[in-house]
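Both ligands and their constituent atoms are indexed starting at 1 by order of listing. Count residues from 1 along the sequence.
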Amino acid sequence: MIALGSDHAGLPLKKVIMKHLDDLKITYKDYGAYSNESVHYPEYGVKAAKAVANGECEKGIIFCGTGVGISISANKVKGIRCVNCSEPYSALMGRQHNDTNMLALGSRVVGDELAKMIVDTWLNGEFLGGRHQIRVDQIKEVDETGEIK
Ligand code: RB5
């Protein structure tokens, strides 16, 4: 199950990706926003992030105008590693090297087809572990304790 979230600016691209996930028969839960009314992206980034952090959803994809505000918000939730992507290379590395559990996309930055490619690349990417595990563990340590010993 994929957690989805967006503000009003991210909503059009979220709809494109919902259709794409439907085509791929990948299940998702949409944590809002549900209309074009102007809203505040932290509320929706955090709602989707909490669903990932508490295990209700295995990964999350979130959207705002740039992907910046909503990714920063999601990354404030303990246990979340969210990558904001506008090309597939970072999406793949974000899985292989950083074991990201959330992806952010900017609906005013990436076109629909590029966004689908980024989503596919990110969903199919596998964490490589090894030396990358040490670094991800350091991120987790900061998340838990506020420092790296
Ligand atoms: C909304 O206008 C816009 O600021 C928001 O969607 C996002 O791009 C912020 O980072």
(request) Indicate yes or no: does Glu56 engage Lys50 in a salt bridge with an N to O separation below 4.0 Å. (result) no
(message) As a check for students: among Arg108, His40, His8, identify the option with a heavy atom nearest to atom 3 (C) of ligand 1.
(response) Arg108
(request) Identify, for atom 8 (O) of ligand 1, the protein heavy atom at the shortest distance, and state residue, atom and that distance. (result) Thr66 N, 3.0 Å
(request) Would you mind listing which atoms of ligand 1 come within a distance below 4.0 Å of any non-hydrogen atom of Gly65? (result) 5 (C), 6 (O), 7 (C), 8 (O)
(message) Considering both backbone and side-chain atoms of Gly69, is one of its nitrogen or oxygen atoms within less than 3.5 Å of a nitrogen or oxygen in ligand 1?
(response) yes
(request) Among Val83, Leu123, Val110, find the one that has a side chain to side chain contact (heavy atoms under 4.5 Å, CB included) with Ile118. (result) Val110
(message) Going by salt bridge (Lys or Arg N to Asp or Glu O under 4.0 Å), Asp99 matches just one of Arg135, Arg81, Lys59. Which one?
(response) Arg81
(request) Mind listing the closest non-hydrogen atom pair of Ile80 and Met102 along with its distance? (result) CG2-SD, 3.7 Å
(request) Using a 4.0 Å heavy-atom threshold (strictly under), name the region of Cys64 that reaches ligand 1: side chain, backbone, both or neither. (result) both
(request) Would you kindly specify which portion of Asp7 sits under 4.0 Å from ligand 1, judged on non-hydrogen atoms: side chain, backbone, both or neither? (result) side chain
(message) For atom 9 (C) of ligand 1, what's the nearest protein heavy-atom neighbour? Residue, atom name and distance, please.
(response) Tyr41 CE2, 3.5 Å
(request) Mind listing the closest non-hydrogen atom pair of Tyr31 and Ala51 along with its distance? (result) OH-CB, 3.2 Å
(message) Counting neighbours of CE on Met18 that are heavy atoms of other residues, nucleotides or ligands and sit closer than 6.0 Å, is the number greater than 12?
(response) yes
(message) Under a 4.0 angstrom heavy-atom cut-off, which atoms of ligand 1 come close to Ala9?
(response) 6 (O)
